[in-house]
Novice: 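Dropping the structure in here first, questions after.
None of the values given here were measured: they were computed from a predicted structure. Side-chain atoms are counted along with the backbone in the values below, which use heavy atoms only and exclude waters and symmetry mates.
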Amino acid sequence: MNKVYLITYNPDAVFNKTVFHSHVLSLYPKHISDWWHHIDSAYLVVSTLNVNQLYNLVFPGVPGKYLLIIEVDPNNAQGWLPNNAWSWLQKYQRKIR
């Protein structure tokens with residue numbers, strides 16, 4: 001079953017976010033089926049993996065940096081983002097009857 005996860009890290013002056021971005025994209029499409037990146041230090045990814053499996057794949061891209069991977073509920077989201085970001089998130093919302 002597909003789940004949506006938030007991956008976020010603590011950037012600093014020596015962190016190469018371009019390298020990390022490439023690392024996350026290298027997981028597509030084998031381990032993540034879709035991804036979203038509208039906020040600099042945050043990615044939303046869709047995967048059938050559990051959080052521990054995903055962590056084991058992502059962590060090598062941010063050695064020694066704080067990292068959080070957490071499952072998110074696309075049905076319970078709020079914020080100020082461009083329309084295309086909300087359109088992406090709506091693809092993963094469960095239809096409630």
Novice: Measure the CD1-CG distance between Ile7 and Leu67 for me, rounded to the nearest 0.5 Å.
Specialist: 7.5 Å
Novice: Donor-acceptor check, side chain of Ser41 to backbone of Pro11, threshold 3.5 angstrom: yes or no?
Specialist: no
Novice: First locate atom CG of Asn2, then atom OG of Ser33, and finally report the distance between them rounded to the nearest 0.5 Å.
Specialist: 4.5 Å
Novice: Would you say Leu54 and Val45 make side-chain contact, with heavy atoms under 4.5 Å?
Specialist: yes
Novice: Side chains of Tyr55 and Leu68, heavy atoms from C-beta outward: is any pair under 4.5 Å?
Specialist: no
Novice: So, do Tyr9 and Phe20 have ring centers that fall under 6.0 Å from each other?
Specialist: yes
Novice: Backbone N or O of Tyr5 within a donor-acceptor pair of the Glu71 side chain at under 3.5 Å?
Specialist: no
Novice: Does atom CG of Asp12 have more than 12 heavy-atom neighbours from other groups under 6.0 Å away?
Specialist: yes
Novice: How long is the straight-line distance from CG of Asn50 back to CD1 of Ile69, given to the nearest 0.5 Å?
Specialist: 10.5 Å
Novice: Give, for atom NZ of Lys65 and atom CZ of Phe59, the distance between the pair rounded to the nearest 0.5 Å.
Specialist: 10.5 Å
Novice: Under the criterion side-chain contact (heavy atoms from CB on, under 4.5 Å), which of Val58, Val24, Leu57 is the partner of His31?
Specialist: Leu57
Novice: Can you measure from OG1 (Thr48) to CD1 (Ile32) and round to the nearest 0.5 angstrom?
Specialist: 11.0 Å
Novice: Going by the side-chain contact (heavy atoms from CB on, under 4.5 Å) test, name the single residue among Val46, Leu89, Leu44 that passes it with Pro74.
Specialist: Leu89
Novice: Is any side-chain heavy atom of Leu81 less than 4.5 Å from a side-chain heavy atom of Ile39?
Specialist: yes
Novice: Strictly under 6.0 Å, is that where the ring centroids of Trp88 and His37 end up?
Specialist: no
Novice: So do Leu25 and Trp35 actually touch side chain to side chain, heavy atoms under 4.5 Å?
Specialist: yes
Novice: Taking atom OG of Ser22 and atom CG of Leu27, what is their separation to the nearest 0.5 Å?
Specialist: 11.0 Å
Novice: Is any side-chain heavy atom of Asp73 closer than 4.5 Å to a side-chain heavy atom of Arg94?
Specialist: yes
Novice: Is there a side chain to side chain donor-acceptor pair (under 3.5 Å) between Asn75 and Tyr92? Walk through the geometry before answering.
Specialist: CA-CA 8 Å; Asn75 288 320; Tyr92 300 101; over 6 Å; no
Novice: Look only at the side chain of Tyr43 and the backbone of His38, and say whether a donor-acceptor pair between them is shorter than 3.5 Å.
Specialist: no
Novice: Between His21 (side chain only) and Asn16 (backbone N and O only), is there a donor and an acceptor less than 3.5 Å apart?
Specialist: no
Novice: Are Tyr66 and Val14 connected into the same hydrophobic cluster when the rule is that any two of I, L, V, M, F, W, Y join if their side-chain heavy atoms are below 4.5 Å apart?
Specialist: no
Novice: With a cut-off of 6.0 Å (strictly less than), are more than 12 heavy atoms of other residues, nucleotides or ligands near NZ of Lys17?
Specialist: no
